[in-house]
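Quick caveat: nothing in here was measured; it's all calculated off a predicted structure.
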Amino acid sequence: QVQLVESGGGLVQAGGSLRLSCAASERTFSSYAMGWFRQAPGKEREFVGSIDWSGINTYYADSAKGRFTISRDNAKNTVYLQMNSLKPEDTAVYYCARRISSRWSNVDPRSYDNWGQGTQVTVSS
């Protein structure tokens with residue numbers, strides 16, 4: 001089973017940037033689409049964006065579009081989430097996961113498994 005480890009979170013002021021990384025333990029990482037989700041206290045886990053196996057095709061939630069960019073480096077078994085123009089409402093624990101099912105859409109958490117431990121992002125006003 002692949003293991004995913006998120007890193008790069010922290011405390012930033014509104015308007016700032018962070019780059020999150022998600023490192024996978026296995027080379028088979030490159031065969032799967034990957035997703036980024038986030039979860040704020042008291043809220044459901046929310047889709048942020050996804051990237052296909054090749055890294056060519058990406059899809060973003062409306063809340064992320066134009067501010068966040070997902071990329072991947074399959075040679076390094078790593079997917080990234082570049083977050084710019086951060087807002088306080090972006091505050092959450094951010095998770096990456098591997099897409100393992102096409103039964104549900106790419107925005108549905110049920111499409112994914114091998115969730116990482118998450119990394120905290122806090123955006124101050």
Side-chain angles (χ1 to χ4, degrees):
Q1 184 172 338
V2 67
Q3 298 179 40
L4 302 175
V5 178
E6 300 96 335
S7 62
L11 173 64
V12 297
Q13 293 185 341
S17 298
L18 284 173
R19 188 194 194 198
L20 307 184
S21 297
C22 174
S25 62
E26 299 180 0
R27 293 183 182 272
T28 52
F29 161 88
S30 63
S31 299
Y32 293 88
M34 300 290 294
W36 283 97
F37 291 76
R38 65 189 184 187
Q39 189 165 22
K43 300 187 69 176
E44 296 292 317
R45 189 161 296 188
E46 176 189 22
F47 174 79
V48 175
S50 62
I51 187 167
D52 74 352
W53 68 269
S54 69
I56 295 173
N57 300 299
T58 55
Y59 183 83
Y60 300 96
D62 287 343
S63 60
K65 195 173 301 181
R67 300 187 299 123
F68 294 2
T69 302
I70 298 174
S71 61
R72 68 192 299 165
D73 186 341
N74 287 340
K76 297 181 178 180
N77 296 337
T78 302
V79 63
Y80 303 96
L81 178 64
Q82 177 68 46
M83 303 187 294
N84 300 324
S85 301
L86 283 162
K87 306 173 182 179
E89 53 261 43
D90 295 319
T91 296
V93 177
Y94 283 71
Y95 300 90
C96 66
R98 181 182 66 168
R99 191 176 186 192
I100 51 79
S101 176
S102 296
R103 177 166 294 180
W104 303 280
S105 78
N106 65 319
V107 308
D108 194 321
R110 293 175 293 178
S111 295
Y112 299 84
D113 72 354
N114 295 109
W115 299 89
Q117 86 288 352
T119 185
Q120 177 70 50
V121 172
T122 303
V123 184
S124 62
S125 300

Cluster membership besides V93, Ile/Leu/Val/Met/Phe/Trp/Tyr side chains within less than 4.5 angstrom, sorted by chain and number, is F37, F47, Y59, Y95, V107, Y112, W115
**Asked** Hey, what else clusters with V123 if you join Ile, Leu, Val, Met, Phe, Trp, Tyr whenever side-chain heavy atoms sit under 4.5 Å?
**Response**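 V123 clusters with V2, L4, V12, L18, L20, F29, M34, W36, V48, I51, Y60, F68, I70, V79, L81, M83, L86, Y94, V121.
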To the nearest 0.5 Å, what is the distance between [atom1] ([X]) and [atom2] ([Y])?
X    : Y    : atom1 : atom2 : value
R72  : C22  : CZ    : SG    : 9.5 Å
T69  : N84  : OG1   : CG    : 6.5 Å
S101 : N106 : OG    : CG    : 11.5 Å
R110 : W104 : CZ    : CH2   : 5.5 Å
D108 : R45  : CG    : CZ    : 12.5 Å

Self-check item: Ion pair check, D90 and R38, cut-off under 4.0 Å
Solution: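 Yes.
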Within the structure provided, determine whether E46 and S63 are in side-chain contact (heavy-atom separation under 4.5 Å).
yes
ask   = Considering only heavy atoms from C-beta outward, does the side chain of E26 approach that of N77 to under 4.5 Å?
value =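 They are not in contact (no side-chain heavy atoms under 4.5 Å apart), so the answer is no.
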Worksheet item: What do you reckon, is CD of Q13 surrounded by more than 12 foreign heavy atoms closer than 6.0 Å?
Response: no
Within 6.0 Å of CD in Q120, more than 12 heavy atoms from elsewhere:
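Count over threshold, so yes.
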Minimum heavy-atom distance between [X] and [Y], given as atom pair plus value:
X   : Y   : value
G55 : D52 : N-OD1, 2.9 Å
S21 : T78 : CB-CG2, 4.3 Å
A40 : A92 : N-CB, 3.8 Å

Contacts of S85 meeting side-chain contact (heavy atoms from CB on, under 4.5 Å) (sequence neighbours excluded), chain-then-number -> R67
Between K65 and D62, does the salt bridge (charged side-chain N to carboxylate O under 4.0 Å, His left out) criterion hold? Intermediate values first, please.
CA-CA 5 Å; K65 195 173 301 181; D62 287 343; 3.7 Å; yes
